[in-house]
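As the structure is a computational prediction, the values presented were derived from the model and not from experiment.
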Amino acid sequence: MQVQGRKVAVVGMGGAFPDCADINVFDQKIFSGQSLIREWPKAAERDKQIRSKVSGFINDNDLGIEPIYLVDGYDWPETFVDTSGRIPDVNMSTADLGCVWAMMGSLDSIEMAGWTKEETQSEKTGVVVASGGGGNVIMRNAWHAFFELGKKSRHAGSHMVDRAMSYREAANVSCLIKNRGVCESIVSACATGLGNIGYAYRLIKFGLQDRAIAGGVEGTSLETFIGFDAMQVLSKGFIPAESSRPFDTKRNGFVCSFGAGIVALEEYEMAKARGANILAVIDEYFNNSDGDGDMFYPSYGGQRRLWKGLSAEANIKPDVVKVHGTATPVGDILELISVVDTLGESGYHISAPKSQFGHMLGAAGSVEFITALLMLKNQQVPGCINSENLNPELENFQKKEGWEGSMKPAAAYRDLIPQETISKEINQIVCLNYGFGGTNSAMAISKDN
């Protein structure tokens, strides 16, 4: 049960963002309406093998990270070197690229939070970081060398296990910062990023930890990309900057992207007492499952119950709703209607950051959470680019017998979805993320008053 009076503050943030040198460039590009999506050479060189060719991607050698390749010429890095010298080689040797981003984001978050060495390494400081996928890049090359080329097992390297295990991001961050509290990974598909922050919030709220590094990661992986391309759920047929189109009538799938979002959380009174810069206060977190047995199809009932749970213990009246908004044919409008049927048709705006950087899978919720923190800082809502035309007709699911939601088309809610950045007073934001298997997460954050 919750410890009476404990609140949770966000005191630091960092990460890795497509086509951005750091979080300041990310901030500038998002609120100036720029797209971070480009043609991805790794996909384009496969030509007719892959339908989609665009991504919000980060190269191995971006962000001051130098890949070190095996001497026999295999096209995969044996390890990485941090040219800035912040991450020691011993920590790089156990990390894939996503883990490197997680460590970088953690260091940036701790620096922004102003935690001392003693606070960081305390038994009351936890780490909750995960990715949505496995260590595909590491495993593919190791298995190829063993099964196809007949190499001995040692050719895979002594760090194949730790560089590919599901828990690798949390493990690498914990080994780097040397915290002595919780170290866990909560994996829940595309709700992973927000879910890890939510779990860390509960650890602090319930008095089990005083601080936590939390977030989500999705390292660059062609293997992940082709999996979604095989499902035929990725956007195609548009130039890169126009390929992610939440709510638009021409949307035909999401843009598979990569990145990392890491935040530092702290018990509110402790943060306040030491004069920390409080980026936001977490009002509440709630998560649930659809319960309808469908792995992929979004659930109106599940999303409405999500809102009900979020509102049960907190005053929820957001100025902005940061939606999941992947640009898939059914998901976008069903989510829009679940928001409208909960909050009404006015008094707030809807933000869909994936329109600018695509769907970062396990990192989506945490990178979008950071975008929400920047909205609070800037008192601005970035526009949903490419949402040029909303359907003036009812969706097919609205015409089915038993439908209980709004009977208005998406076009009726045009005013809720700005196409360009707008300035407004923002006191509270609700963040929403969903994942395969019917998992749903919602978090409300507010300015510190």
Which heavy atom of [X] sits nearest to which heavy atom of [Y], and what is that distance?
X: A200; Y: L265; answer: CB-CD1, 3.9 Å
X: I213; Y: A264; answer: CD1-CB, 3.9 Å
X: I262; Y: G215; answer: CD1-CA, 4.2 Å
X: A102; Y: V129; answer: CB-CG1, 4.3 Å
X: S235; Y: S52; answer: O-OG, 2.9 Å
X: V8; Y: K205; answer: CG2-N, 3.9 Å

Just checking, any donor-acceptor pair under 3.5 angstrom between side chains of [X] and [Y]?
X: N389; Y: T249; result: no
X: N440; Y: N287; result: no
X: Y199; Y: E184; result: yes
X: N24; Y: Q28; result: no
X: R251; Y: T328; result: no
X: N172; Y: T94; result: yes

query = side-chain hydrogen bond (donor to acceptor under 3.5 Å, both in side chains) between S441 and Y285: does it pass, once the steps are laid out?
reply = CA-CA 8 Å; S441 291; Y285 172 73; 3.0 Å; yes

Counting only heavy atoms from other residues, nucleotides and ligands, does the tally under 6.0 Å from [atom1] of [X] exceed 12?
X: Q379; atom1: CD; value: yes
X: F238; atom1: CZ; value: yes
X: R180; atom1: CZ; value: no
X: E388; atom1: CD; value: yes
X: M231; atom1: CE; value: yes

Quick check against the 3.5 Å criterion: does [X] have a side-chain atom that pairs as donor or acceptor with the backbone of [Y]?
X: E123; Y: G181; result: no
X: N91; Y: I87; result: no
X: N391; Y: A410; result: no
X: S289; Y: T439; result: no
X: N196; Y: I186; result: yes
X: N288; Y: G302; result: yes

Atom pair [atom1] ([X]) and [atom2] ([Y]), whose distance is rounded to the nearest 0.5 Å:
X: K447; Y: L373; atom1: NZ; atom2: CG; answer: 13.5 Å
X: S355; Y: I385; atom1: OG; atom2: CD1; answer: 4.5 Å
X: Y300; Y: D290; atom1: OH; atom2: CG; answer: 13.5 Å

Between [Y] and [X], is the closest basic N to carboxylate O distance under 4.0 Å?
X: D19; Y: K29; answer: yes
X: K322; Y: E368; answer: yes
X: K377; Y: D27; answer: yes
X: D47; Y: K53; answer: no
X: D332; Y: R245; answer: no
X: R274; Y: E266; answer: yes

Would [X] and [Y] count as a close aromatic pair, with their ring centres under 6.0 Å?
X: F357; Y: F17; answer: no
X: F258; Y: F225; answer: no
X: F80; Y: W101; answer: no

Any heavy-atom pair between the side chains of [Y] and [X] that's under 4.5 Å?
X: F247; Y: C384; result: yes
X: V81; Y: I68; result: yes
X: M443; Y: I282; result: yes
X: I316; Y: W307; result: yes
X: R38; Y: F57; result: yes
X: V182; Y: L203; result: yes
X: I337; Y: Q303; result: no
X: R46; Y: L222; result: yes

task = Under the side-chain hydrogen bond (donor to acceptor under 3.5 Å, both in side chains) rule, what do S244 and N386 come out as? Steps first, then yes or no, please.
result = CA-CA 7 Å; S244 186; N386 304 319; 6.0 Å; no

request  = Evaluate side-chain hydrogen bond (donor to acceptor under 3.5 Å, both in side chains) for Q121 paired with N179, printing each intermediate quantity in order.
outcome  = CA-CA 4 Å; Q121 297 182 4; N179 73 299; over 6 Å; no

task = Take E169 and S131, measure what side-chain hydrogen bond (donor to acceptor under 3.5 Å, both in side chains) needs, and give me the verdict at the end.
result = CA-CA 7 Å; E169 294 87 7; S131 63; 2.8 Å; yes

